[in-house]
Amino acid sequence: MTRAADILKLTPAGLYCEAGDFYVDPLRKVPRAVITHGHSDHARAGHEAVLATKETLAVMAARYGEKFAGTRQALHFGETIALASAQVTLKPAGHVIGSAQVVIEVAGKRVVVSGDYKRARDPTCPPFEPMPCDIFITEATFGLPLFRHPPAADEAAKLLHALQLFPDRPHTIGAYSLGKAQRLIALFREAGHHAPIYVDAPTSKLCAVYVAHGVPLGDIRLLASTPAADLNGAIVVGMAELPEGTNDPVTAYASGWMRTRKRARAANVDMPLIVSDHADWDELTQTIEEVAPGELWITHGEEAALLHWARTKGIRARPLSIAGYGDEEDPEAAPSA
Amino acid sequence: MNRLAALIARLETLNDAAMKEAFLADYLSETPEPDRTHARDLLDGKLKLRPAKLALIRGLAEARIDATLFGLAQAYTGDMTETIALTWVPNRRANRDPTLSEIVEALATLGRSELPKRIEAWLDACDETGRHVLIRLITGTLRLDRPREADAAPAADTQNELFRAAPRKDTSGTIAAILLYAERTNARARTSPLRCTFGIWNGDTLAPIGRCEVGPVEAEPIEHFIAEHTTARFGPVREVRHDREIALVAELAFAAITPTPRRKAGLTLRAPRLLRVLEGAAPSDAASLATLEARAKGH
Ligand SMILES: [Zn+2]
Ligand SMILES: [Zn+2]
């Protein structure tokens, strides 16, 4: 008789499923890894075999090179594969392109690993699908009741408004190269901004992955090969510096952490924009209520409030402190002073 | 209120006086009287209100949220006004947020017993930024004299009636302070001057007290420190390690000590500049807020 709590166990290399002999988002090189999404704290190079959505595999190849793993296998959303005595299905997580929840079923018991997720609208990836389960393993990056992200389109509109006020200045937006950058670009396009948008090299590579997988981003150009004068009045997305000779820029930075005044000031930009690819407090609690798990495990982020909330709702909950998530390219998940 | 609050939040993050002017002009051009006059008065520090107590608003907030969750949120922000503004969940959506004129008039005319209900309705009708500015406004903690007090004051700025500076007695001197953040002043050039934010000890934490630009040559030891001890990046800004074990200590000269009640330290250095990096100095060698306070009083 399998207990749901025995399906996954926490090891130094990360969450391990014994019945299927695989790890989910392992922190070290392992023989077999199921990867939720391409952020570097979840998707590391060097595993012997990787199972993920085709979009996530493409992201890994773009970042780490074609030899990022010994072998790889793509799974469509909703498709189920048998790994030894475990059934594995990937369901959309709504976080970035290809991002998936990993649904693991063993002997009639179901565990869902959310990976990173959000519920807010994102034109660049399919929405999160809640899956009822025995154990739901959730992230809690913004797990405090003070984090409520405004509609991302409203934040994008603020930047476009500044562009109207300062039509001769470059508008630079600090945004992560995977996910945040493309979501913002897509929102600008939806708002009717069709001019070229300039990006740095890492962002450009990932934009190409989005476009190749059917997410249109319009006229995207590489910052490095652009004359300074062309950047005046243009939007520049990424972390790269502007070339010499442009007008003074309007600077923005897009992150869910921009909600608090302290962090917004520390960003030291003209326009902190509250845009996140992680669930806010309302999305976390709404999701847990919809999934209605027998038990809730909380991986990374601000877990104390969510634990308390779950217990007041009669949901059994425990923290899973996994050191190593949220400390690399997905720095939204890494709270710092 | 929401539009005005968004403007105020924007003015607080902007560095560039021309950009502040443009955002302000844009706001005023879309704001009808009598709100426009009220907004001008508010931004000039001339709007006088009979303030409400934060305890009253806190009571309204605490009645709506689980005490543990409220406490965890407060522990995170460290700012009761912000905690209330951000954790407040509107009961019902009003069809519009209150205008500044409505708020000014209500505060002048409403009796003590009518006030809580009205404030509650306002908080329900505002968004997060609106609530935050509203609470600061009605508790008398919204101070808009100079949005970037830690900066050396450029002459053009002082002419701007929005951001007038108060006269000061001579409190110039030098101080040992700790580097908190560094940012390249010209985001395009790798060797441009650094804009450095320094802090001094306030108990076990560091309170920011001033920002200054450091030329590329003097910045060299700072560049090394940044390369080895960056703890976070926010756009062009690098946060560096600053704790009891490892921190960069530097000697700063300044023209005066300015009281800035709106800021955490309560004091900022006027026109600070870097004299030298104190190589080998321990973090505990940096000054404390108590010392600076004593010097501000002329001791
Ligand atoms: Zn992620
Ligand atoms: Zn993550």
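Please read all numbers here as calculations on a predicted model, not as lab measurements. Numbered from 1 within each chain, the chains take letters A, B, ... in sequence-line order.
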Looking at Ala267(A), Ala175(A), Gly174(A), which has the largest count of heavy-atom pairs under 4.5 Å with chain B?
-> Ala267(A)
Taking only residues two or more places apart in sequence, or in another chain, which ones meet Glu30(B) in a side-chain contact (heavy atoms from CB on, under 4.5 Å)?
-> Arg3(B), Asp26(B)
Toward chain B, the part of Arg169(A) with a non-hydrogen atom under 4.5 Å = side chain
Could you have a look at His161(A), Lys158(A), Met239(A) and say which one has the most heavy-atom pairs with chain B under 4.5 angstrom?
-> His161(A)
Output every pair passing side chain to side chain donor-acceptor pair (under 3.5 Å) with a member in residues 57-73 of chain B, not counting sequence neighbours, ordered by first then second residue.
-> His308(A)-Asp66(B), Arg58(B)-Glu62(B), Arg64(B)-Glu120(B), Arg64(B)-Asp124(B)
Return the option, out of Asp16(B), Asp79(B), Thr197(B), with the maximum number of heavy-atom pairs under 4.5 Å with chain A.
-> Asp16(B)
Heavy atoms, side chains only, cut-off 4.5 Å: are Arg10(B) and Pro272(A) in contact?
-> yes
How are the rings of Phe23(B) and Phe166(A) set relative to one another: parallel (under 30°), tilted (30 to 60°) or perpendicular (over 60°)?
-> tilted
Does CZ belonging to Arg316(A) count more than 12 external heavy atoms closer than 6.0 Å?
-> no
Select one option (side chain, backbone, both, neither) describing which atoms of Thr172(A) are under 4.5 Å from chain B's heavy atoms.
-> neither
Pick whichever of Leu146(A), Leu306(A), Asp282(A) has the most heavy-atom pairs under 4.5 Å with chain B.
-> Leu146(A)
